[in-house]
Amino acid sequence: MPTPQMTMNRRRFLAATALTGLASACGSAPTTDPAAFRTEVRVPPLLEPTRGKDGTLTFALTMRRGRSELLPGGPVET
């Protein structure tokens with residue numbers, strides 16, 4: 001009889017498969033170049049919420065496409 005550590009259910013199998021695919025697509029070898037992590041991430045200004053009568057804070061958000069340079073070498077779609 002298998003122990004709980006040895007059993008694999010569908011959810012665990014799909015998660016492991018997805019993580020394996022993601023690692024191979026992104027390149028699983030870590031970079032040793034410290035300069036690769038020196039690009040500063042742009043942080044947008046803080047939003048001012050509106051407060052409802054019950055005290056609930058509401059923020060107005062707009063999603064839009066952009067381009068950002070996350071690593072040196074050129075911008076990517078964000």
Side-chain angles (χ1 to χ4, degrees):
M1 178 163 217
T3 63
Q5 292 83 11
M6 294 174 58
T7 61
M8 180 173 285
N9 61 25
R10 181 177 177 200
R11 182 176 292 166
R12 191 175 286 169
F13 172 76
L14 291 174
T17 304
L19 289 174
T20 302
L22 181 62
S24 65
C26 295
S28 58
T31 182
T32 57
D33 180 15
F37 298 101
R38 291 194 183 145
T39 304
E40 291 207 24
V41 176
R42 187 183 74 79
V43 178
L46 292 176
L47 291 176
E48 291 295 326
T50 57
R51 185 179 301 270
K53 291 181 181 180
D54 63 352
T56 303
L57 299 177
T58 304
F59 295 86
L61 302 176
T62 303
M63 184 175 11
R64 55 187 173 184
R65 294 177 185 253
R67 293 185 64 77
S68 300
E69 187 171 357
L70 302 176
L71 293 174
V76 295
E77 295 287 328
T78 56

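No experiment lies behind these values; they were computed from the predicted model shown.
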Determine whether more than 12 heavy atoms belonging to other residues, nucleotides or ligands lie under 6.0 Å from atom CG of Leu46. no
Of all residues at least two apart in sequence or in a different chain, which pass the side chain to side chain contact (heavy atoms under 4.5 Å, CB included) check with Arg64? none
Restricting to non-hydrogen atoms, name the atom on Thr78 and the atom on Ser68 that form the minimum distance, rounded to 0.1 Å. OG1-OG, 3.4 Å
Heavy-atom count around Arg67 CZ within 6.0 Å, excluding the residue itself: above 12? yes
Hydrophobic clusters here meaning ILVMFWY residues chained together by side-chain heavy-atom distances under 4.5 Å, can you tell me if Leu61 and Leu57 are in one? yes
Does atom CD (Glu77) have a neighbourhood of more than 12 heavy atoms from anything else shown, all under 6.0 Å? yes
